Protein chains: 2
Amino acid sequence: MPTTHTDALSQRLADSGLRATPQRELVYNVLLGKRDHPTADEVYARVRAELPTISLATVYNCLETLVQCSLVRAVNFERGPTRYCPNLHPHAHFHDENTGETYDVDLPPTILADIKAILPSGYDAKSVEVIFRGQAHRTAEVAAGE
Amino acid sequence: MPTTHTDALSQRLADSGLRATPQRELVYNVLLGKRDHPTADEVYARVRAELPTISLATVYNCLETLVQCSLVRAVNFERGPTRYCPNLHPHAHFHDENTGETYDVDLPPTILADIKAILPSGYDAKSVEVIFRGQAHRTAEVAAGE
DNA sequence: GTGAGATTTAGAACTATTCCAAATAGAACT
DNA sequence: AGTTCTATTTGGAATAGTTCTAAATCTCAC
């Protein structure tokens, strides 16, 4: 895990007047380390491997903090636990109904404008979320490119 | 509430080998009567005005049944209770971050194909969900047209 | 080093939902 | 009309996920 990420974290936190704690760094690194949209519980399990004394409440706190700083995106489709995804470029989510897994799909810049264009006047969208549901027949090739 | 809706309900239920009960009809009519994406609790409150002996568990059962029959759509953005929306033509949801209200936005037929076109090969989407977040400055005119 | 404020922690509390087992209601058949 | 069989409803208990709370701990600025 390169220091650059951790530095970006400190920076963002400082911008909001918050401190870079070991817990926050670890939670963030765990999210960066395996981008499979884990739940808070899953993050908790992964973080405890390195810092066994951390509490679940702290994991929730850290995740919330990261979301506040726009370093992480909270994702909610279907009732069930919130999932977390470290925020890079704009992307949609593809939810495989067979496996339950969620994949990121890059959004070409033009499509976002196209989608926003359907809004009638009076609606001012700050963000757009796109969720696909269906089946993914992913090749090994595709998975390797992630 | 015209009989046509109730008939459509009986039909759909029968197709799935289910019965058209007073509770199911009432829950469905409540959803049709006020399309403000109510939670199960809100549906419960509205239904009880007419059938005070209904139980919350039944409301959950009925909503689940209606979702199974594709007469109603369950909507989940942000952690919090599931909301229900009687399913007409394809539409996006606009979530006003100030008021917390959710509005339906019609999706022009072409945009769905455009959005699906961004999927790499190997992804087969059965449905697409679009959620906007921002502020709605709705005029009385717009609201009247619903 | 001390004080002030931020952060973490464990556990209690809360909310939304599902589960369960018993009671009820219908439809089909006699 | 009565019986049977199954679907449905019901209230309450149980569960899952998250938030709250108050005390302990850390860290920075002085």
Side-chain angles (χ1 to χ4, degrees), chain A residues 6 9-28 30 37-48 50-69 71-84 100, chain B residues 6 9-28 30 37-48 50-69 71-85 100 102:
Chain A
T6 302
L9 171 63
S10 317
Q11 192 52 58
R12 287 293 190 102
L13 287 169
D15 290 350
S16 310
L18 300 169
R19 293 178 189 165
T21 67
Q23 289 87 344
R24 286 173 179 163
E25 286 175 6
L26 192 46
V27 166
Y28 188 45
V30 157
H37 308 85
T39 65
D41 262 331
E42 288 165 346
V43 173
Y44 180 44
R46 292 174 198 176
V47 162
R48 271 208 293 186
E50 195 143 342
L51 183 65
T53 59
I54 199 171
S55 76
L56 178 57
T58 299
V59 171
Y60 273 105
N61 289 342
C62 293
L63 288 170
E64 174 63 14
T65 301
L66 294 172
V67 170
Q68 297 298 311
C69 297
L71 284 163
V72 167
R73 200 160 132 189
V75 181
N76 285 94
F77 25 83
E78 27 196 50
R79 66 205 90 176
T82 299
R83 297 177 167 277
Y84 297 87
Chain B
T6 302
L9 171 62
S10 317
Q11 192 54 57
R12 286 293 190 100
L13 288 169
D15 290 352
S16 309
L18 300 169
R19 294 178 190 165
T21 67
Q23 288 88 344
R24 285 174 179 163
E25 287 175 6
L26 194 45
V27 166
Y28 187 44
V30 156
H37 309 86
T39 64
D41 262 332
E42 288 165 345
V43 173
Y44 180 46
R46 291 174 199 177
V47 162
R48 271 209 293 186
E50 197 145 340
L51 183 65
T53 58
I54 199 172
S55 77
L56 179 57
T58 300
V59 171
Y60 273 105
N61 289 343
C62 292
L63 288 170
E64 174 63 13
T65 300
L66 294 172
V67 170
Q68 297 298 308
C69 297
L71 284 162
V72 167
R73 202 162 131 187
V75 181
N76 286 93
F77 25 83
E78 23 196 53
R79 67 207 88 177
T82 299
R83 297 177 168 276
Y84 297 88
C85 140
T102 300

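Per chain, numbering begins at 1; letters A, B, ... match sequence-line order. This is a predicted model, so every value here is computed, not measured.
Leu56(A) approaches Ala40(A) most closely through the heavy-atom pair CD1-O, 4.5 Å. The heavy-atom pair separating Ala20(A) from Leu13(A) by the smallest distance is CA-CD1, 3.6 Å.
In this structure, CD of Gln68(B) is placed 16 Å from P of dA7(D), rounded to the nearest angstrom. Atom-to-atom, CG of Leu56(B) to C1' of dA13(D) comes out at 14 Å; the value is rounded to the nearest Å. The CD-P distance, from Glu42(A) to dT18(D), rounds to 11 Å in whole Å. Atom OH of Tyr44(B) is separated from atom C1' of dT15(C) by 16 Å (rounded to the nearest Å). Rounding to whole angstrom units, CG of residue Leu26(B) and P of dT8(D) are separated by 17 Å. As rounded to whole Å, 8 Å separates atom P of dT18(D) from atom CG of Asp41(A).
Atom SG of residue Cys69(A) and atom CG of residue Asp15(A) lie 8.0 Å apart, to the nearest 0.5 angstrom. For the atom pair CD (Glu42(B)) and NE2 (His37(B)), the distance works out to 11.5 Å, reported to the nearest 0.5 Å. With rounding to the nearest 0.5 Å, the separation of OG1 in Thr82(B) from CZ in Arg79(A) is 4.5 Å.
In this structure, the side chains of Val27(B) and Leu66(B) come closer than 4.5 Å at one or more pairs of heavy atoms. Side-chain contact between Thr65(B) and Leu71(B) is absent, with no heavy atoms from C-beta onward closer than 4.5 Å. At least one side-chain heavy atom of Pro38(A) sits under 4.5 Å from a side-chain heavy atom of Arg46(A).
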Quick tally for nucleotides 2-8 of chain C: nucleotides whose base has a protein heavy atom under 4.0 Å get B, sugar-phosphate-only ones S, the rest -, giving ---BSSS
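Note that Arg24(A) lies outside the cation-pi zone of Tyr28(A), set by a 6.0 Å cut-off to the ring centre and a 45° limit from the axis.
Nearer to the 5' terminus of DNA chain D, by closest-nucleotide assignment, is the contact made by Thr65(B) (compared with the other of Thr65(B) and Glu64(A)).
Look at Thr82(B) and you'll find a side-chain N or O under 4.0 angstrom from OP1 or OP2 of dT17(C).
In this structure, Thr39(B) reaches neither bases nor backbone, as no heavy-atom distance under 4.0 Å exists between it and the strands shown.
The base-pairing partner of dT30(C), taking Watson-Crick or G-U wobble contacts with both distances under 3.5 Å, is dA1(D).
For Tyr60(A), the side-chain atoms get nearest to dT18(D) when compared with the rest of dG12(D), dT17(C), dT18(D). Checking dT18(D), dT17(C), dA10(C) against every side-chain atom of Ala40(B), the shortest atom distance belongs to dT17(C).
For the segment residues 71-79 of chain B, no residue has any heavy atom less than 4.0 angstrom from an atom of DNA chain C.
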